[in-house]
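Inspection log for the structure reproduced underneath, given as structure tokens.
Source: prediction; values computed, not measured.
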Amino acid sequence: MDIKPKHIFNAVSQEMGLICPEYSTIRSQIIRNINKQFPPNIKGFDDIPIESEYYKMKRNENFMIFKNTDLIIFQSPFQAYLYSNYHKNIFADGTFYAAPKFSYQLFITRTYVGEFNMLYTTSISILKNKKQSTYETLFKEIKKNANKFRSNTLITTINFHCDFEQEHLTNNASESYNSYLNNIFPNKPLFYKLIYILKEEENLSYNDYQRRTKGNWKKKQKIFSATDEIKILIENYKNKRYYN
């Protein structure tokens, strides 16, 4: 199952030449066939199962960590590790466009790994409403899960940058990822298709981080001040272009 079927179609169509139809003429049929590979769509928040094979990562780890009547949280052990150990700057933001029809919002946290000058997604949650209690539960459960993966026992402050903060740091750090998801889902996504794609994205980030920590892509480190790091981060995400 490919989340970008146009890539495969373009490769095949080049070999077939003129006898191959334009992608735009069969796009809807391709999408329908892909969607048929998923279980029946979830109609309401109460229909979300507590257990599902779609909650398992490729590494056979749990992806879903919490669910109640207002909220479901997805955070792999890798994402929890990043959240807990790279908490100097964590960016939080929500998107309405990539949220399933039955929900209010898709809420995403991302953390900045300064040694690689990279952002990694550290949790994704589907919210039923915008109650303060829902957000309080969200952060409480993410923190509780992430604490299992701390590399030290020191209690340090987590610095959150939210979309309402001065200078709109999140607009550059997290909203670019939201825009990427919105481009994948021009319409409200099916629940299981959304989970599948979020897991694929997590796996790409995991492999990227593994390569970098093994030194394959690691560049000579430079010491930046916190202000310099944020400026670099914002500039990168102003210019970042996601693949089609």
Would you check if the side chain of [X] reaches a backbone N or O of [Y] as a donor-acceptor pair within less than 3.5 Å?
| X | Y | answer |
| --- | --- | --- |
| Thr137 | Ser133 | yes |
| Ser103 | Pro100 | yes |
| Asn207 | Leu204 | no |
| Ser52 | Tyr54 | yes |
| Thr213 | Gln210 | yes |
| Asp208 | Asn203 | no |
| Glu61 | Pro77 | no |

Roughly how far, to the nearest 0.5 Å, is the [atom2] atom of [Y] from the [atom1] atom of [X]?
| X | Y | atom1 | atom2 | result |
| --- | --- | --- | --- | --- |
| Ile126 | Leu194 | CD1 | CG | 5.0 Å |
| Thr134 | Asn129 | OG1 | CG | 3.5 Å |
| Ser123 | Ile108 | OG | CD1 | 8.5 Å |
| Leu82 | Arg110 | CG | CZ | 11.0 Å |

With heavy-atom distances below 4.5 Å as the criterion, would you say the side chains of [X] and [Y] are in contact?
| X | Y | value |
| --- | --- | --- |
| Ile72 | Phe66 | no |
| Lys67 | Ile48 | yes |
| Leu127 | Leu138 | yes |
| Lys128 | Leu71 | no |
| Ile65 | Phe74 | no |
| Asn145 | Lys143 | no |
| Ile73 | Ile124 | no |
| Met118 | Arg212 | yes |

Q: Decide side-chain contact (heavy atoms from CB on, under 4.5 Å) for Asn62 and Met57; before the verdict, give the C-alpha distance in whole Å, the side-chain angles of both, and the deciding distance to 0.1 Å.
A: CA-CA 6 Å; Asn62 290 327; Met57 307 296 300; over 6 Å; no
Q: Please report the C-alpha distance between Gln105 and Tyr135 in whole Å, then the side-chain angles of each, then the deciding distance to 0.1 Å, and finally whether the side-chain hydrogen bond (donor to acceptor under 3.5 Å, both in side chains) criterion is met.
A: CA-CA 11 Å; Gln105 185 184 54; Tyr135 289 98; 2.7 Å; yes
Q. Hey, do the aromatic rings of Phe63 and Tyr55 have their centres closer than 6.0 Å?
A.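 No; Tyr55 has its ring centre 6.0 Å or more from that of Phe63.
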Q | Ring center gap for Phe96 and Tyr104 short of 6.0 angstrom | A |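 Aromatic pair counts; centres sit under 6.0 Å.
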(Q) In terms of relative ring orientation, are Phe191 and Phe102 parallel, tilted or perpendicular, with 30° and 60° separating the classes? (A)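 Tilted, since the angle between the ring planes falls between 30° and 60°.
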Q: Measure the acute angle between the ring planes of Tyr86 and Tyr209, then classify it against the limits of 30° and 60° as parallel, tilted or perpendicular.
A: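 Because their plane-to-plane angle is over 60°, the rings of Tyr86 and Tyr209 count as perpendicular.
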So, for [X] and [Y], which heavy atoms are closest and what is the spacing to 0.1 Å?
| X | Y | answer |
| --- | --- | --- |
| Pro49 | Tyr192 | CG-OH, 3.4 Å |
| Ile42 | Gly44 | CG2-O, 3.1 Å |
| Lys199 | Lys56 | NZ-O, 2.9 Å |
| Ala146 | Tyr83 | CB-CD2, 3.5 Å |
| Thr69 | Phe45 | O-CD2, 3.5 Å |
| Ala98 | Pro189 | O-CG, 3.2 Å |

Q | Residues in side-chain hydrogen bond (donor to acceptor under 3.5 Å, both in side chains) contact with Lys144, at least two apart in sequence or another chain | A |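 Result, side-chain hydrogen bond (donor to acceptor under 3.5 Å, both in side chains) vs Lys144: Glu141.
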Q.
Quick one, Lys58 with Glu200, criterion salt bridge (charged side-chain N to carboxylate O under 4.0 Å, His left out). Give me CA distance, side-chain angles, the key distance, then yes/no.
A. CA-CA 9 Å; Lys58 287 184 176 180; Glu200 290 293 302; 3.3 Å; yes
Q) Checking Arg59 against Tyr206: charged group under 6.0 Å from the ring centre and within 45 degrees of the axis? A)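 Judged by the rule, Arg59 and Tyr206 form a cation-pi pair.
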Q) Going through the checks in order, is the side-chain hydrogen bond (donor to acceptor under 3.5 Å, both in side chains) test met by Thr122 and Thr111? A) CA-CA 7 Å; Thr122 50; Thr111 191; 5.8 Å; no
Q: Could you check Gln75 against Thr109 for side-chain contact (heavy atoms from CB on, under 4.5 Å), going step by step and ending with a plain yes or no?
A: CA-CA 10 Å; Gln75 185 182 56; Thr109 62; 5.6 Å; no
(Q) side-chain contact (heavy atoms from CB on, under 4.5 Å) for Phe107 and Phe139? Distances and angles first, verdict last. (A) CA-CA 11 Å; Phe107 193 85; Phe139 288 112; 3.7 Å; yes
